[in-house]
Protein chains: 2
Amino acid sequence: MPRTRGRAPAGGRAEALSQEIVVGAAVALLDEFGERGFTFRLLAERLKTGSGALYWHVANKDELVALAADRVLGDALTAAPGPAAGAGAELRALAIAVFDALDRHQWAASHVTAPPTLANALRLLDRIGTLVTRTGLPADRRFAVATAIFYYVTGVSAQIIVPGPAGGAVPSRDAFLDQTAEHWERLDPAEHPFLTRVTGDLRDHDDRDQFIIGLDLLLTGLDVARDPRPPA
Amino acid sequence: MPRTRGRAPAGGRAEALSQEIVVGAAVALLDEFGERGFTFRLLAERLKTGSGALYWHVANKDELVALAADRVLGDALTAAPGPAAGAGAELRALAIAVFDALDRHQWAASHVTAPPTLANALRLLDRIGTLVTRTGLPADRRFAVATAIFYYVTGVSAQIIVPGPAGGAVPSRDAFLDQTAEHWERLDPAEHPFLTRVTGDLRDHDDRDQFIIGLDLLLTGLDVARDPRPPA
DNA sequence: ACCTGAACACCGTTCAAGT
DNA sequence: ACCTGAACACCGTTCAAGT
């Protein structure tokens, strides 16, 4: 039972404020209004408190958003499936679980920084490193490879998951892709020989599949690094 | 010769404003003061104009920063070395040139979005796609692989290159790493079996090398995808 | 120890007015 | 067509005062 020292909370709030409550409310508002629409005033209102009160629980807005993003990572870790057939498969499932969690909270990906210092980012890197170890990779390469996978997951997710304008409003991803594809089609084929030929792929592609394709390239590379075969 | 219609520019500015001049000044100020310290007022002052004048040349601050980031990508493209021995080697050199350019302008990486719409981002993806084509990868996989490499380069760069506080002030990356390593050392080895064993690697690692290690994993994966060998 | 809410310093953007 | 600069609406953060 949480001790409630000092004055009882005002308004309708049942519990005293805590960092956990503040971060939880921040996640909800970031989901709802996006990073743009998320303000301390709004958060204070939602928590029925003064905006100054928040500074008792977090140092500033940057720290709060970082903590909110770390909580999203925590969701991914608990959502990730358990032991699978082989460390490689488990690594793949973990990475996809993180992508999916970040996709559900589009503002979050760009706030996961490296090297990790927050609790769930640390857990994630540790789990990746443990799985990399289990693939049999020599000890002197484990840190670099684990970090590379961590960077891929968070960095590429942030690149793919562009935080659409508002939370609920989806201004049609298809419309955006169509518009971009038309733009590419109007380019000069002499200057853009590749792009002018792949507009069909652009229209059809799926973001999650794209993430997985790159991930599989990376994991294949890991496989080769672990067990190099002589050139044919 | 640029036509200068209307009133001659005030103050000491020799030329009329243009989007090119505005973006150039924005890059300089972003380098100097970081994204935090970069304001339209400061930019207007630097250009000896009113802050409202900037809105004649760019729609808003977001667009201006995106254009500034795209210019950094342009630098990378002109800096990238020419034809190398093999498409794979050229791909690798191009990716590293982009990383280096983004490293020189730490605010830029997180503002390169996908799918690309700005001029230099389009050039970069086209160049990557052309090189991927030259490796001999079948047509139906080129788009996905080229995009994966593009995402890796921009996304992982953004993750690795954390925009230090101010522009010139370097609050010692080593100090930060030391501090993080100490943090990891204090973790419970039962909960973090991997991290507590790699603090040495953390202290010693080089960001650019890390980028390249992941890149090489990816390119190895591409190599295998292009020319799959039967399992041993 | 924790909360309140007004006050401060600042910022992006707009716009009527100029040339 | 392009620039000026004041004005508007808003925001993160601080802090004296409360309990």
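In what follows, every heavy atom counts, from backbone to side chain, and hydrogens, waters and symmetry copies are set aside. So that the names make sense, note that chain A is the first sequence line, chain B the second, and so on, each numbered from 1.
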Hey, is A:Asp178 close enough to A:Arg203 for a salt bridge, meaning N to O under 4.0 Å? yes
Pairing of DNA chain D as dot-bracket, 5' to 3': ( ) intra-strand, [ ] crossing, | other strand, . unpaired, with Watson-Crick or G-U pairs under 3.5 Å? ||.|||||...|||||.||
Please report, rounded to the nearest Å, how far the P atom of D:dG5 is from the CG atom of B:Leu47. 14 Å
Salt bridge (charged side-chain N to carboxylate O under 4.0 Å, His left out) evaluation trace for B:Asp201 with A:Arg142: CA-CA 9 Å; B:Asp201 299 81; A:Arg142 282 176 204 157; over 6 Å; no
Crowding at CD, B:Glu20 (>12 non-hydrogen neighbours, <6.0 Å): no
Do B:Leu94 and B:Leu124 come within less than 4.5 Å of each other through their side chains, counting heavy atoms only? yes
Taking the six-membered ring for Trp, are the ring centroids of A:Phe150 and A:Phe143 within less than 6.0 Å of each other? no
Is the distance from the ring center of B:Phe99 to that of B:Phe211 below 6.0 Å? yes
Taking side chain as C-beta onward, heavy atoms only, is A:Leu73 less than 4.5 Å from A:Leu118? no
Electrostatic pair B:Asp207-B:Arg173, nearest N-O below 4.0 angstrom: yes
I need a per-nucleotide contact map over nucleotides 10-17 of chain C, read 5' to 3'. Cutoff is protein heavy atoms under 4.0 Å; write B for the base, S for backbone only, - otherwise. -BBBBB--
Does B:Trp56 make a side-chain N or O approach to OP1 or OP2 of D:dC3 shorter than 4.0 Å? no
